[in-house]
Amino acid sequence: MKQIINDLIAQALRELEQSSQIPSELGAHIQVTPARDPGQGDFASNVALTLAKAAGMPPRALAELIVGQISAIDTIEKVEVAGPGFINFFVASATSHSIIRDVLEQGDDFGRSSHGQGGKIQVEYVSANPTGPLHVGHGRGAAIGATLANLLNFVGYEVQQEYYVNDAGRQMHILGTSVWLRYLELCGESVTFPSNGYQGDYVWDIAATLHRENDARFQKPVAEVMAEVSEDAPAGDKEKHIDDLIEKAQTLLGENEYRIVFDLALVTLVDVIRNDLHAFGVDFDCWFSERSLSDDGLIDQAIQRLQDSGNVYEQDGAQWFRSTDFGDEKDRVVRRENGQTTYFASDIAYHMNKFDRGFGRVINIWGADHHGYIPRVKASLTALGYDADNLEVELVQFANLFENGNKISMSTRSGEFVTLRQLREDVGLDAARFFYVMRKTEQHMDFDLDLAREQSNDNPVYYLQYAHARICSVRRQCAEKGISLVTGEANLERLENTHEQALVKQLSIFPERVEAAALRREPHLVVNYLRELANLFHSWYNAHQFIVDDVELRDARMALASAISQVLRNGLKLMGVSAPETM
RNA sequence: GCGCUCGUAGCUCAGAUGGAUAGAGUGUUGGCCUCCGAAGCCAAAGGUCGUGGGUUCGAUUCCCGCCGAGCGCGCCA
């Protein structure tokens, strides 16, 4: 419809130009938007305002001229000039009502489009270090990533969802060593746990498994473990202390034995995370191991490629990538003085590999604290000869967590956090998923645990679900009363009150709103849309009866109601929220 | 200090590419169930869109300064 109106205006402008009533070559960018108010018709265009200056005449006069030139078609009932020079289009009701039949016929596929034309797109999200269970801080990225993936799939992309497992690096060694130390305690050794170790109860659990399955196999006397280890905080340096302990674990246990402890911790936690996410309605297609990058030689390969293109130099014994040549604020080390590659080097290899796997577009969903990291990753892609614009990074702001009016801080290290699992068990899957996606991703957000816990009408997700349940309920009523509905052939012309017209219009814009949400990477647009739809429905419901004696009217209204419930279902499904038939 | 993301109703937030009278929810105050589910509806009140300039027919939106908030500026990951 939008396109038809667009064409009508373009045609009118062409004719005006040909008859020299307006200057030619105005290069009009025609804009047609859904009208905001029923009094302003269904669609509006501001062409007259944008062209007024170039055409050298008042906006209203130009608008009148355009309207006079627009050819009459039967899908448009009326065209008029309003305000400072807007052109408002009124769509014939028969045309707009046909959307109801479209919804009912297309069912779960209503709103789908082929916009993406099957292009391969990857969404990488969550990717939290497997050093502990996911906490509520990770939930927002999980919910947004999953919804975005659903949306992209819905508009015709082939989407792959990926979790980057940081299974190499210092944090994981700290975890492995933490587990080992707890294990030593279970063996009867008396260990002073490092202040910088992972203190959560799950570390005990993993240590217990290790002990149960291996008895004293990994046991070493504490005196030996602590020998020559530098002092812990507060008197000493806690970072140095933990690093010494890691080294001790590796030398005392030997490469192979240490690896067994390390891998048990890793595998257990990745499993925990996978299960938590699954219960949260989030399932990844690929769990990509950071360690596999070095195992497969991809890191060396990436550095070599940068070297070959002359973008690497040596200084202070380290190898630096000259990222400043590609817009970064300073050059970055890729290989340390001690010969080890940096995390950044892994990330270069990882992103190189993403594009080598054939994704035309790659979306990373990162916490906002990583924003400073973007320029260097893009710089590396450019240096390697990829188009860095095909990497999109969506930054998700942190959710501030409040409980009893106080902000709670979370730390995986100290073991003080509310897990994602706890949140879901507290507030339910639907409310949790909905809450996270409700707000624009780059918006800072306050997450009030008490409010989210309240299973009351305060929680906006129920508003949508209630609308759906109500419609299901009316259908049940019909069935109980032995009323058979013929919604498919209903005479939709009977839908004439303002509530019904507004609802029809709202239904018709679902496809474009979903597409906008997907293309703009803004899942919250779906929430806003559904809220508007539910609001219109509830108002209609309160103002009119559906089950009336007039069969024709009843069928028409039930057809509309069914279409509404279908769209609610489709929208909620995109967000991973259920559409219950009863509540 | 430099950079990124922000600042809209008492509170939590929408307002893409500049457009008509800046909108929801929540909270407050009043109404609405002999009738399909009141987890709902209707109405009222509530705003110098942080602030000061600029760009133009028109700025919450674009540009600059200032104030305020969060985050980032490692041979950590």
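This one's a predicted model, so the numbers in the text were calculated from it and none came from an experiment. Letters A, B, ... are given to chains in the order of the sequence lines, protein chains preceding strands, and every chain is numbered from 1.
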Can you name the ring pair (Phe, Tyr, Trp, His ring centres under 6.0 Å) partners of A:Phe89, sequence neighbours left out?
-> none
Residues which pass ring pair (Phe, Tyr, Trp, His ring centres under 6.0 Å) with A:His135, listed by chain and number, not counting sequence neighbours = A:His138, A:Phe417
Rounded off to whole Å, could you give me the [atom1]-to-[atom2] distance for the [X] and [N] pair?
X        : N     : atom1 : atom2 : value
A:Arg520 : B:A16 : CZ    : C1'   : 4 Å
A:Ile246 : B:C76 : CD1   : C1'   : 11 Å
A:Phe537 : B:A39 : CZ    : P     : 14 Å
A:Ile242 : B:A77 : CD1   : P     : 15 Å
A:Tyr541 : B:A39 : OH    : C1'   : 12 Å
A:Trp366 : B:U5  : CH2   : P     : 15 Å
A:His538 : B:A24 : NE2   : P     : 16 Å
A:Arg513 : B:G15 : CZ    : C1'   : 11 Å

Are there more than 12 heavy atoms of other residues, nucleotides or ligands under 6.0 Å from atom CD of A:Glu581?
-> no
Is the A:Tyr163 to A:Phe288 ring centre distance short of 6.0 Å?
-> no
is_close_aromatic(A:Tyr164, A:Tyr350), centroid dist under 6.0 Å | yes
Sugar-phosphate only, base, or nothing, as touched by A:Ala168 at under 4.0 Å among non-hydrogen atoms | sugar-phosphate
Give one of base, sugar-phosphate or nothing for A:Ser539, where a contact means two heavy atoms less than 4.0 Å apart.
-> sugar-phosphate
What distance, rounded to whole Å, do you find between the two [atom1] atoms, one in [N] and one in [M]?
N     : M     : atom1 : result
B:G10 : B:U28 : P     : 16 Å
B:C42 : B:U55 : P     : 44 Å
B:C13 : B:U51 : C1'   : 22 Å
B:A9  : B:A22 : C1'   : 11 Å
B:C33 : B:U12 : P     : 36 Å
B:G54 : B:A59 : P     : 12 Å
B:G53 : B:U60 : P     : 14 Å
B:C2  : B:U61 : P     : 24 Å

Measure from the side-chain heavy atoms of [X] and tell me the nearest of [options].
X        : options             : value
A:Glu522 : B:C42, B:C36, B:G15 : B:G15
A:Thr582 : B:G15, B:G37, B:C36 : B:G37
A:Tyr462 : B:A39, B:G15, B:C41 : B:A39
A:Ala44  : B:G40, B:A20, B:C42 : B:A20
A:Phe86  : B:C76, B:G19, B:A39 : B:G19
A:Lys440 : B:C36, B:A77, B:G15 : B:G15

Grab the N/O contacts between the protein and nucleotides 72-75 of chain B below 3.5 Å, and write none if there aren't any.
| from | atom 1 | to | atom 2 | distance (Å) |
| --- | --- | --- | --- | --- |
| B:G74 | O5' | A:Lys330 | NZ | 3.4 |
| B:C75 | O2 | A:Glu337 | N | 2.9 |
| B:C75 | N4 | A:Asp316 | O | 2.9 |

Involving RNA chain B, stems made of at least three consecutive Watson-Crick or G-U pairs, both distances under 3.5 Å | B:1-7 with B:67-73, B:10-13 with B:23-26, B:28-32 with B:40-44, B:50-54 with B:62-66
Identify whether the glycosidic angle of B:C33 places it syn (within 90° of 0) or anti.
-> syn
Could one point to a donor on the side chain of A:Asn88 or the base of B:A20 with an acceptor on the other under 3.5 Å away?
-> yes
More 5' along RNA chain B: A:Phe344 or A:His544, using each one's nearest nucleotide?
-> A:His544
Of all residues at least two apart in sequence or in a different chain, which pass the salt bridge (Lys or Arg N to Asp or Glu O under 4.0 Å) check with A:Glu239?
-> A:Arg170
Whether A:Arg569 side chain and A:Pro580 backbone form a donor-acceptor pair below 3.5 Å | no
Any Lys/Arg nitrogen of A:Arg291 or A:Asp263 sitting under 4.0 Å from an Asp/Glu carboxylate oxygen of the other?
-> yes
Compile the donor-acceptor pairs under 3.5 Å between side chains in residues 533-545 of chain A and protein atoms, sequence neighbours left out, one pair per line.
| from | atom 1 | to | atom 2 | distance (Å) |
| --- | --- | --- | --- | --- |
| A:Asn535 | OD1 | A:Tyr463 | OH | 3.4 |
| A:His538 | ND1 | A:Arg470 | NH1 | 3.0 |
| A:His538 | NE2 | A:Tyr463 | O | 3.2 |
| A:Ser539 | OG | A:Asn535 | O | 3.1 |
| A:Trp540 | NE1 | A:Glu500 | OE2 | 3.1 |
| A:Asn542 | ND2 | A:His538 | O | 2.9 |
| A:His544 | NE2 | A:Asn497 | ND2 | 3.2 |

Check the phosphate of [N] against [X], side-chain N and O only, distance under 4.0 Å to OP1 or OP2. Yes or no?
X        : N     : value
A:Arg531 : B:C13 : no
A:Tyr463 : B:C41 : yes
A:Gln477 : B:G37 : yes
A:His524 : B:G15 : yes

Indicate whether the side chain of A:Asp430 and that of A:Tyr462 have a donor and an acceptor atom separated by less than 3.5 Å.
-> no
Can you tell me if A:Asp243 and A:His173 form a side-chain donor-acceptor pair at under 3.5 Å?
-> no
Just do the side chain to side chain contact (heavy atoms under 4.5 Å, CB included) check on A:His468 and A:Met583 with the steps written out, would you?
-> CA-CA 10 Å; A:His468 185 265; A:Met583 296 173 64; over 6 Å; no
